[in-house]
Every structure is written in C-alpha cells, then in structure tokens.
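What follows is a short report on a single structure.
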Amino acid sequence: MSEHHTTTRLLPWTTPGGKTCFLVSDDRGEGGLSRVADRIEAVQLDMADGLLGHAADMLGDNKATEPELRFLGRQLSAALRDVHRVAESRGARLSR
C-alpha cells in the first residue's frame, strides 16, 4: 500500500478580501490549478520586470509630477507584494 502525501502551495493571488489562498493537493502539486498558478506567477514576474524599467525612466525624468510618482509608488508596491508571494511560495516548495 502506498503512503498518502499532501502538499500545500501558497497561490499567487488572494481572496477579494485580501486573505491568503492555498492549494492543498494529494499529488505532487502538478495538477491543473498548479499550472494556472505557475502561469500567473510568470505574468506577475514579467510585469514587475517591466515596471522596474518604467520606474527607472520615470525617476530619471525631472518632469515627472507628484501624482505620477505616487501612482508609480503604488504600482511598485503591488508588484513587490506579488514578487514576495512568488518567492515565498517557491521557497516553500524548494524546501520539500
């Protein structure tokens, strides 16, 4: 008889109320929802990378307005939150 293993994965999104979402599976974590999460993580990382380039350009522009810089700060904060969640999720999976 084989052992039954459960894996838990931190997902790259939260509920509308901001609560953390996890995927609990009884396989190796390679199901359909895991593949969706992988694709979303890739999009989040690509968006953060693009935002970094935009931020460098904007911060080097002396004509950037305060509202533009505030908007940039909010977007950078959201991207950093996403990247942190991806790193936390991947780090947890590496330690298994």
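Source: prediction; values computed, not measured.
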Check your understanding: Rounded to the nearest 0.5 Å, how far does CG of L10 lie from OG1 of T14?
Key ->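 Going from OG1 on T14 over to CG on L10, the span is 10.0 Å.
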
**Study point:** Distance, nearest 0.5 Å, that separates OG of S34 from CZ of R39
**Key:**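 Here the rounded value is 10.5 Å.
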
All N/O donor-acceptor pairs, side-chain side in residues 45-56, below 3.5 Å, sequence neighbours left out:
none

Review point. Between F22 and L11, is a side chain to side chain contact (heavy atoms under 4.5 Å, CB included) present by the stated rule, with each step listed?
Key: CA-CA 5 Å; F22 291 94; L11 292 172; 5.8 Å; no

**Study point:** Distance-minimising heavy-atom pair for A37 and W13
**Key:**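 Minimum heavy-atom separation between A37 and W13: CA-CZ3, 4.0 Å.
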
Point to revise | D38 bridged to R9 by N-O distance under 4.0 Å | key: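 A salt bridge links D38 with R9.
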
Exercise for review: Kindly determine whether E41 and R35 satisfy salt bridge (charged side-chain N to carboxylate O under 4.0 Å, His left out), including the steps that lead there.
Suggested key: CA-CA 10 Å; E41 285 180 352; R35 287 189 295 276; over 6 Å; no

Listed pairs under 3.5 Å, donor-acceptor, residues 64-72 side chains, sequence neighbours left out:
{"unit_1": "T65", "atom_1": "OG1", "unit_2": "E68", "atom_2": "N", "d": "3.2"}
{"unit_1": "T65", "atom_1": "OG1", "unit_2": "E68", "atom_2": "OE1", "d": "3.2"}
{"unit_1": "E66", "atom_1": "OE2", "unit_2": "R70", "atom_2": "NE", "d": "3.1"}
{"unit_1": "E66", "atom_1": "OE2", "unit_2": "R70", "atom_2": "NH2", "d": "3.2"}
{"unit_1": "E68", "atom_1": "OE1", "unit_2": "T65", "atom_2": "N", "d": "2.8"}

Identify all side-chain donor-acceptor contacts of residues 74-85 below 3.5 Å with residues at least two apart in sequence or on another chain.
{"unit_1": "S77", "atom_1": "OG", "unit_2": "R81", "atom_2": "NH2", "d": "3.4"}

